[in-house]
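Written out below as structure tokens is the structure these notes cover.
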Amino acid sequence: MADLRFDDRVVVVTGAGAGLGRAYALLFASRGAKVVVNDLGGGRHGDGSSSKAADGVVEEIRRNGGTAVADYNSVVDGEKIIKTAVDNFGRVDVLINNAGILRDKSFAKISDADWDLVHAVHLKGSFKTTQAAFPIFKRQGYGRIIMTSSNSGLYGNFGQANYSAAKMGLVGLASTVAIEGARSNVYCNVIVPTAASRLTEDILPPELYTELKPELIAPVVAYLCHESCQENGSVIESAAGWAGKCTVVRSNGSLLRTKITDGVSIEAVRDKWEKITDLSKVERVNTIQEATGALMASLEGLRSNQ
Ligand code: NAD
């Protein structure tokens with residue numbers, strides 16, 4: 001089988017001056033893509049800015065014989081980053097929303113600024129870049145978008161309520177963008193990475209840290225963005241040379257009344273709680289239509305008990 005190439009494709013990677021974004025940018029460039037290396041070059045908590053981070057990765061790509069241009073805008077000004085791609089390379093094909101910061105505090109201590117800045121970079125930033133690229137992708141009948149979520153969003157993590165909320169928001173954003181782009185071959189998926197970087201150097205246990213190379217996740221992201229990959233609207237977790245798909249499952253649940261004319265009592269909920277929460281048998285819910293379909297079926301069941 002031939003190598004998967006990205007020749008003549010233009011790839012925008014936000015936050016590509018370090019960590020995961022750098023690994024993505026280097027891999028795409030090594031496979032022929034022209035890369036926009038975006039990075040604000042600020043601190044881990046969203047403070048300051050510098051052109052150093054993006055410039056360093058652009059130099060690295062050029063040294064390896066690749067093509068790249070630096071962009072120093074904040075993702076909050078996402079349209080400017082997409083403009084950099086179009087101005088320099090005439091098109092844009094792939095958008096990796098990767099830029100990120102942390103402002104960890106226990107929930108009670110989160111300030112408005114801690115909440116707003118984390119949401120601005122992760123959620124608003126991904127919205128802005130994606131909204132700028134989306135019409136271009138639709139017009140050309142091809143586009144691939146990655147949102148970056150986190151286990152903190154999926155499962156929660158002490159001290160990261162602001163970050164968890166933003167990261168789970170990205171799953172919702174991706175789910176709907178995937179639906180709206182599907183007919184135009186514009187696909188949107190979510191990566192849930194765990195990797196050694198400045199965001200995780202004091203979070204991950206040291207024995208794990210050295211094993212969790214961003215380069216082991218980059219091929220998963222690159223595959224999701226290749227025109228031959230038909231995955232859309234999925235959440236893919238990846239770390240340490242492993243990848244798997246996460247999805248929403250639902251218990252079979254329980255009817256809480258016997259006739260359509262009955263109400264639901266608190267006691268009926270208590271009495272059925274074990275069945276409501278029994279995940280020993282689950283169904284996968286892929287679409288809102290499937291979720292509504294199950295609802296209609298249970299209403300039908302109640303009506304037939306009349
Ligand atoms: P990193 O700090 O090494 O890289 C993030 C980059 O984003 C930095 O270079 C930073 O300058 C840049 N950035 C920050 N704010 C920006 C802005 N407003 N505009 C443009 N660039 C900006 O961290 P990383 O671990 O490589 O994280 C990459 C992404 O992966 C983040 O979204 C992070 O939340 C997510 N993530 C990482 C892990 C992990 O284990 N490393 C786990 C879950 C999620």
Side-chain angles (χ1 to χ4, degrees), residues 12-27 36-58 60 70-82 84 95-104 116-129 146-157 160 162-171 173-174 190-205 208-218 220-221 235-240 242 246:
V12 173
V13 185
T14 71
L20 287 156
R22 172 181 165 274
Y24 303 157
L26 290 172
L27 181 61
V36 174
V37 177
N38 158 264
D39 207 294
L40 180 64
R44 179 184 162 176
H45 304 298
D47 46 303
S49 65
S50 150
S51 57
K52 249 194 192 159
D55 285 346
V57 175
V58 168
E60 221 175 330
D71 177 280
Y72 317 117
N73 287 295
S74 168
V75 283
V76 174
D77 297 316
E79 68 283 0
K80 294 185 184 163
I81 304 172
I82 301 305
T84 298
L95 168 62
I96 316 285
N97 289 300
N98 166 79
I101 56 163
L102 288 177
R103 287 175 78 100
D104 290 0
D116 290 345
L117 203 54
V118 162
H119 275 71
V121 174
H122 291 278
L123 200 46
K124 181 93 183 273
S126 300
F127 161 65
K128 293 295 283 182
T129 50
I146 297 289
M147 304 290 180
T148 304
S149 187
S150 165
N151 280 330
S152 295
L154 264 44
Y155 310 115
N157 196 22
Q160 293 197 313
N162 51 352
Y163 179 76
S164 305
K167 286 307 206 187
M168 204 52 182
L170 286 160
V171 175
L173 176 61
V190 178
I191 187 78
V192 181
T194 304
S197 77
R198 74 172 181 177
L199 288 191
T200 50
E201 60 197 353
D202 53 358
I203 295 175
L204 292 169
L208 256 184
Y209 189 80
T210 47
E211 298 303 325
L212 295 173
K213 298 181 178 61
E215 293 75 20
L216 298 171
I217 295 170
V220 179
V221 167
V235 177
I236 306 294
E237 191 177 334
S238 184
W242 171 91
C246 305

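Counting starts at 1 for both ligands and their atoms, following the listed order.
Here the shortest heavy-atom pairing between Thr84 and Ala70 reads CG2-O, 4.2 Å. Taking each heavy atom of Leu123 and Ala166 in turn, the nearest pair found is CD1-O, 3.9 Å.
The distance from the OH atom of Tyr72 to the CG atom of Asp39 is 10.5 Å, given to the nearest 0.5 Å. From Leu95, atom CG reaches atom OG1 of Thr14 across 7.0 Å, with rounding to the nearest 0.5 Å. The NZ atom of Lys80 sits 10.0 Å away from the NZ atom of Lys128 when rounded to the nearest 0.5 Å.
For the pair Asn97 and Val75, the minimum side-chain heavy-atom distance is 4.5 Å or more.
The residues lining ligand 1, counting any heavy atom closer than 4.0 Å, are Gly15, Ala18, Gly19, Leu20, Asn38, Asp39, Leu40, Gly41, Gly42, Asn73, Ser74, Val75, Asn98, Ala99, Gly100, Ile101, Val121, His122, Thr148, Ser149, Ser150, Tyr163, Lys167, Pro193, Thr194, Ala195, Ser197, Arg198, Leu199, Thr200.
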